[in-house]
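Structure record follows, encoded as structure tokens.
Values reported hereafter were calculated over all heavy atoms of this structure, with side chains retained and with hydrogens, waters and symmetry mates removed.
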Amino acid sequence: LMADKRTHLSAEGTTLYRAAHTGETGGLYALDLAGDVGVLSLYRELSGADEQRLAAVWAGTLALRSVYLKRRPQEASHAANVVRDQISPQEPIWGESWPELTALEDGVPYLIRPGSDLSTGLFTDARPARRWVRRHAANLYGTGRVLNTFAYTCGFGLNATLAGAGVVKNLDLSRKVLSWGQENYRLSGLPAPDLDFISGDVFDWLRRLERRAERFDLLILDPPSFARGKAGVWRSERDYPGLVAQAAALLTHGGHLLAMNNHSGVSGAAFERALIAGAPTLRVMERFGAGEDYPGATHLKVLVAQ
């Protein structure tokens with residue numbers, strides 16, 4: 001029944017989505033699909049036999065060729081660095097191994113690696129935000145400039161490029177995920193020159209770009225909730241205003257900031273206050289969250305400000 005509610009997504013060119021959200025499973029688990037490969041995320045501990053049974057039920061229900069497992073305890077991002085194979089096994093719990101495959105979102109292909117750490121290549125809850133970029137970048141900016149920070153595999157940058165933005169820069173600490181993003185560009189037949197994929201500390205680069213007097217018509221902020229860097233620990237619930245101040249300094253007059261916060265402990269109102277605290281000249285134009293395949297979800301807050 002849960003999966004039946006999502007059948008229209010495939011008809012709309014999306015084969016990458018959440019088939020069962022935690023709000024529908026009593027907080028026990030979530031299931032994401034990438035074509036006919038499932039990724040089962042567990043938020044409570046189950047026995048090995050129960051893990052196998054749950055995977056087999058969904059595989060049979062949806063005719064999946066394999067199911068991968070992600071065990072997501074609290075502080076999972078830290079644990080993944082310590083006991084990666086326990087948290088995110090590289091091989092499926094059910095079916096055959098598919099180290100990578102291509103799946104679609106709104107007709108755009110993305111490279112997905114279901115056994116690769118806790119994040120498999122695209123955060124499906126952010127589909128409405130990527131859709132906003134795809135629909136608005138050309139109309140708002142024409143041949144303008146876009147900066148996509150904390151880019152991960154560059155989904156936002158890819159959609160801005162597909163929409164016709166003139167210059168799109170993707171910025172992330174990890175060269176590995178930027179290379180993955182370049183592969184996503186190539187899947188859409190787009191050039192992916194190294195100069196447009198910048199590896200380094202985002203906060204350092206924002207300061208550097210400001211000193212160079214570089215300006216952007218759209219700047220995308222999608223930071224993690226928690227990060228440890230050279231300047232110490234960054235927490236979104238405490239430090240977002242400072243990040244917004246850095247970002248706003250790089251906007252053209254009339255430019256837009258698309259800011260995201262996925263910390264479940266921060267309300268939409270608190271996030272909006274943090275945004276305005278960082279840059280009082282910003283005016284919030286739109287507010288939205290996760291897609292329809294995340295019923296009841298409140299963790300993701302997206303603001304478009306000008």
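Partners of D194 under the salt bridge (Lys or Arg N to Asp or Glu O under 4.0 Å) rule, at least two apart in sequence or in another chain, do not exist in this structure. Legend: residues meeting salt bridge (Lys or Arg N to Asp or Glu O under 4.0 Å) with R211, ordered by chain and number and at least two apart, are absent. Remark: E91 engages no residue in a salt bridge (Lys or Arg N to Asp or Glu O under 4.0 Å) (not counting sequence neighbours). Partners of D293 by salt bridge (Lys or Arg N to Asp or Glu O under 4.0 Å), not counting sequence neighbours, listed by chain and number: R127.
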Side chain to side chain donor-acceptor pair (under 3.5 Å) between T25 and Y43: does it pass, once the steps are laid out? CA-CA 10 Å; T25 67; Y43 294 91; over 6 Å; no
Side chain to side chain donor-acceptor pair (under 3.5 Å) for D117 and S88? Distances and angles first, verdict last. CA-CA 5 Å; D117 299 322; S88 179; 5.5 Å; no
Walk me through it: do E214 and K169 pass the test side-chain contact (heavy atoms from CB on, under 4.5 Å)? CA-CA 12 Å; E214 296 205 35; K169 300 291 185 181; 5.9 Å; no
Go through E210 and R215 one step at a time and tell me if the side-chain contact (heavy atoms from CB on, under 4.5 Å) criterion holds. CA-CA 8 Å; E210 205 279 330; R215 297 295 180 264; 3.8 Å; yes
Using the side chain to side chain donor-acceptor pair (under 3.5 Å) rule, take R18 and T124 through it: C-alpha gap first, then chi angles, then the decisive distance, then the call. CA-CA 7 Å; R18 177 149 290 195; T124 54; 4.9 Å; no
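Here the closest heavy-atom approach between residue Q306 and residue H256 is recorded as NE2-CE1, 3.6 Å. When all heavy atoms of V146 and A165 are compared, the closest pair comes out as CG2-CB, 3.8 Å. Scanning both residues, P295 and E292, for their nearest heavy atoms gives CD-O, 3.8 Å. In terms of heavy atoms, P241 sits closest to R238 at CD-O, 3.8 Å. The heavy-atom pair separating P223 from N262 by the smallest distance is O-OD1, 4.5 Å. A248 and A279 get closest at one heavy-atom pair: CB-CB, 3.6 Å.
Note that OH of Y17 and CD of E105 are 13.0 Å apart. Values are rounded to the nearest 0.5 Å. Put simply, CD1 on I87 and CZ on R72 are 10.0 Å apart, with the number rounded to the nearest 0.5 Å. Here L282 contributes atom CG and L275 contributes atom CG; the two are 5.5 Å apart, rounded to the nearest 0.5 Å. Taken to the nearest 0.5 Å, the CG atom of L173 stands 13.0 Å off from the CD1 atom of I198. Here T22 contributes atom OG1 and L31 contributes atom CG; the two are 12.0 Å apart, rounded to the nearest 0.5 Å. Atoms CE and CG, from M260 and L300 in turn, are 4.5 Å apart once rounded to the nearest 0.5 Å.
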Please output the side-chain donor-acceptor pairs of residues 108-115 that fall under 3.5 Å, not counting sequence neighbours, one pair per line with the distance.
unit_1	atom_1	unit_2	atom_2	d
Y110	OH	N159	ND2	2.9
R113	NE	E100	OE1	3.0
R113	NH2	E100	OE1	3.4
R113	NH2	E183	OE2	3.0

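For the pair C154/L178, a side-chain contact is recorded, criterion being any heavy-atom separation below 4.5 Å from C-beta on. The side-chain heavy atoms of P92 and S97, taken from C-beta on, include a pair separated by under 4.5 Å. At least one side-chain heavy atom of F288 sits under 4.5 Å from a side-chain heavy atom of W132. In this structure, the side chains of V168 and D196 stay at 4.5 Å or more apart for every pair of heavy atoms. A heavy-atom distance below 4.5 Å is found between the side chains of F150 and L243. In this structure, L206 and L147 have side chains that are in contact, with non-hydrogen atoms separated by less than 4.5 Å. Under the 4.5 Å side-chain criterion, counting only non-hydrogen atoms from C-beta, L158 is not in contact with N148. Residues R130 and L122 have side chains in contact (heavy-atom distance under 4.5 Å, counting atoms from C-beta outward).
A distance-only check finds no donor-acceptor pair linking the side chain of K70 to the backbone of T120 [under 3.5 Å]. Remark: the backbone N or O of K176 is paired with a side-chain donor or acceptor of S174 at under 3.5 angstrom. Looking at R65, its side chain never comes within 3.5 Å of a backbone N or O of G95 through a donor-acceptor pair. Between the side chain of D125 and the main chain of A290, no donor-acceptor pair closer than 3.5 Å is present. The closest donor-acceptor contact from the side chain of T14 to the backbone of D106 lies under 3.5 Å. Judged by distance alone, the side chain of Y152 and the main-chain N or O of G121 form a donor-acceptor pair under 3.5 Å. At distances below 3.5 Å, not a single donor-acceptor pair connects side-chain atoms of Y294 with backbone N or O atoms of G23. Not one N or O on the side chain of E272 forms a donor-acceptor pair closer than 3.5 Å with the backbone of A269.
The aromatic rings of Y240 and F271 sit perpendicular to each other, their planes meeting at more than 60°, with 30° as the lower class boundary. Using the six-membered ring where Trp is involved, F197 and Y185 have ring planes that are perpendicular, over 60° apart on the 30 and 60° scheme.
In the displayed structure, E96 atom CD is contacted under 6.0 Å by more than 12 heavy atoms of other residues, nucleotides or ligands. For R212, the CZ atom sits in a packed shell: over 12 heavy atoms of surrounding residues, nucleotides or ligands are nearer than 6.0 Å.
Hydrophobic clustering (ILVMFWY, side-chain heavy atoms < 4.5 Å, transitive): L221 and M285 are in distinct clusters. Cluster annotation: L118 is not connected to W180 through the hydrophobic network of ILVMFWY side chains, with a link wherever side-chain heavy atoms come within less than 4.5 Å. Hydrophobic clustering (ILVMFWY, side-chain heavy atoms < 4.5 Å, transitive): W205 and L219 are in one cluster. Taking hydrophobic clusters as Ile, Leu, Val, Met, Phe, Trp and Tyr residues chained together by side-chain heavy-atom distances below 4.5 Å, F123 does not share a cluster with V302. Cluster annotation: L187 and V177 are assigned to the same hydrophobic cluster (Ile/Leu/Val/Met/Phe/Trp/Tyr, side-chain heavy-atom contacts under 4.5 Å, transitive).
Connectivity analysis of hydrophobic side chains (ILVMFWY, heavy atoms under 4.5 Å, direct or indirect) links L104 to nothing; its cluster partners are none.
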